[in-house]
Amino acid sequence: MRMAGNLLRNSLNAIRKGRDGVSADALLAGKVRRMSLSARLILLLTIAVGVVMALGGYFILRQREEILARALRNELQAHAVTLQLTLEDSYRAGRIGDAQRLIDHLSENPRVFSVILFDENGRVAMFSNPLEAGKIVESPDAQRVIATGAPVEIVRRRGGSEVYSFIMPIRISAARRGAFEISQPAEFIKADYARARRDIALITLALFAAIIAVVLLVMRYNLLRPIKELLGGAKAVGQGDLAYRVVTPSGGNEIAQLASEFNRMAESLAEQRLAAERQAEGRLALERELRQSERLASVGRLAAGVAHEMGAPLNVIKGRVEMLRENAGAPAEKRARNLDIIGAQADAITDIVRQLLTLARPFNLRREAIEPSRLISTVVELIETDAAKSGVKVEVIGNNHHRPDVVEGDLALLRQSLMNICINALHAMAQGGRLLIEVAPEERRVNGGPFVGLRVSDNGSGIPPENLAHIFDPFFTTKEVGKGTGLGLSVARRIIEEHDGWIEAANREEGGAAFTIWLPAIPDDGRRR
Ligand code: ADP
């Protein structure tokens with residue numbers, strides 16, 4: 001009922017808007033399209049039933065009116081025939097008083113309006129309804145009936161209402177013929193008609209109510225509830241709950257089929273997800289295995305590297321020790337030389353162990369604010385002599401980029417890192433060249449934080465492209481035995497990564513290699529003093 005009220009309100013609103021200029025029909029059509037399913041069904045069914053009931057009611061009423069009119073006429077005719085016989089009897093027997101009594105008697109019947117008796121001239125002789133008959137003196141209709149002897153049936157207005165009249169001839173004596181008119185109000189038909197109309201209207205209203213109730217119930221239990229269930233299912237599945245199953249309504253109708261199809265779909269999705277998860281797990285396990293074997297391989301490489309690097313000095317030591325043991329009586333000078341060699345080889349081993357420890361141990365950084373140019377100049381001091389020996393010209397470009405950035409870190413470790421890179425550059429330019437150490441002109445940003453770069457460029461041999469991926473691996477070296485351990489760059493990288501930075505290595509277009517150390521920068525004014 002509330003819905004019907006809404007409907008009515010909607011329609012009224014639509015009509016009101018229509019008056020403001022927009023077509024009410026178009027608005028109503030738009031509303032119907034946007035209405036809920038139940039409202040639309042109710043509206044359409046109501047219209048259909050309304051039209052059918054209006055047409056059916058019209059025909060039923062028409063028929064009923066006709067039947068009633070006929071019944072009324074038949075009744076009137078029966079009265080008329082009885083009255084004719086009785087009146088003729090009374091006249092024949094000379095008992096005119098009986099006629100008057102009969103007329104009075106008849107007019108007591110509420111369904112008889114009046115009875116008027118006319119003499120042979122068509123003038124009123126007797127009447128039952130003084131009010132009416134008083135106004136009539138002569139009746140042309142009665143005169144015609146008297147003249148022809150044939151009864152007449154007419155409809156006329158009397159006393160403000162419609163009446164059916166029947167005029168019948170009567171034989172007053174052998175030579176004389178009179179007539180009488182018996183009338184019946186048509187009100188009965190009108191009242192009956194109104195009652196029938198009211199009944200039809202009530203039935204229509206009851207039908208409307210039944211339609212609304214049935215539509216609402218059917219929609220609610222057969223459509224809306226399962227659809228709500230399906231919506232809930234779709235939402236749950238959409239949010240990843242593939243175990244969700246909707247309740248399948250009984251009856252096997254389309255909605256039930258849809259619900260079971262939905263459940264089947266969710267099931268197949270769940271299966272697919274399970275398969276995908278299994279696949280991913282398999283991939284993960286494979287990756288884990290791969291990483292494990294990689295780790296094992298790198299441990300093996302490291303062990304091989306250590307064995308290789310330490311093997312040579314240990315062999316030398318062993319040889320010299322044997323020499324000393326076998327030639328106990330050797331001159332002191334020779335013995336001292338052997339001992340020196342043993343000491344130098346032990347130093348080499350110590351150096352390798354120290355570097356290995358640098359790679360493995362946790363750092364305890366002693367941080368301080370360092371200006372890049374200061375770091376560069378301390379390194380230049382350390383390599384100057386070696387550079388001069390190889391005929392390498394060392395150039396420094398300080399921080400002239402108007403960015404007074406400083407880095408924060410452990411000066412000794414950063415120096416070692418930069419040194420390792422510079423020494424490699426010197427090794428690459430054994431026949432002389434130019435070594436450039438500078439603060440990189442460009443600035444890098446990672447996660448919004450600025451990084452300052454220290455770049456070491458040489459014009460030496462450069463790095464073969466196939467080696468680029470390995471130069472930072474421990475014990476990777478291209479140098480001959482005794483020249484390099486392959487630990488310099490891995491130590492340098494470890495130190496820089498401990499400072500939250502990274503190292504980039506590249507070949508230069510003009511020949512040679514360039515290494516850049518990137519370190520997080522702190523603005524000059526923000527540094528701790
Ligand atoms: P090592 O210097 O002991 O060989 P590193 O780890 O320092 O070990 O270097 C690894 C390798 O990287 C070197 O053997 C060399 O082949 C290559 N390399 C490093 N720096 C340069 C450079 N500036 N130019 C050419 N090759 C380089």
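Just so you know, ligand 1 is whichever comes first in the structure, and atom 1 is the first atom listed for that ligand.
No salt bridge links Glu289 with Arg291; every basic N to acidic carboxylate O contact stays at or beyond 4.0 Å. The pair Arg455-Glu504 does not count as a salt bridge, with every side-chain nitrogen at least 4.0 angstrom from each carboxylate oxygen. With respect to the salt-bridge test (charged N to carboxylate O, under 4.0 angstrom), the residues Arg225 and Glu229 do not qualify. Between Arg337 and Asp340 there is no salt bridge, since none of the side-chain N atoms of the basic residue sits less than 4.0 Å from a carboxylate O of the acidic one.
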Pairs under 3.5 Å, N/O atoms on ligand 1 and on the protein: can you put them in a table with the distances?
unit_1   : atom_1 : unit_2 : atom_2 : d
ligand 1 : 2 (O)  : Asn424 : OD1    : 2.7
ligand 1 : 2 (O)  : Lys479 : NZ     : 2.5
ligand 1 : 3 (O)  : Thr485 : N      : 3.0
ligand 1 : 3 (O)  : Gly486 : N      : 2.7
ligand 1 : 4 (O)  : Thr477 : OG1    : 2.6
ligand 1 : 6 (O)  : Leu489 : N      : 2.9
ligand 1 : 7 (O)  : Asn424 : OD1    : 3.2
ligand 1 : 7 (O)  : Asn424 : ND2    : 2.7
ligand 1 : 7 (O)  : Leu489 : N      : 3.2
ligand 1 : 8 (O)  : Gly486 : N      : 3.4
ligand 1 : 14 (O) : Thr477 : OG1    : 3.4
ligand 1 : 14 (O) : Thr478 : N      : 2.8
ligand 1 : 14 (O) : Thr478 : OG1    : 3.1
ligand 1 : 16 (O) : Thr478 : OG1    : 2.4
ligand 1 : 23 (N) : Asp458 : OD2    : 2.9

Intermediate values then yes/no, salt bridge (Lys or Arg N to Asp or Glu O under 4.0 Å), Glu333 and Arg335: CA-CA 5 Å; Glu333 206 178 293; Arg335 280 173 50 197; over 6 Å; no
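Using bins of under 30°, 30° to 60° and over 60° for the plane-to-plane angle, the ring pair Trp502/Trp518 lands in the parallel bin.
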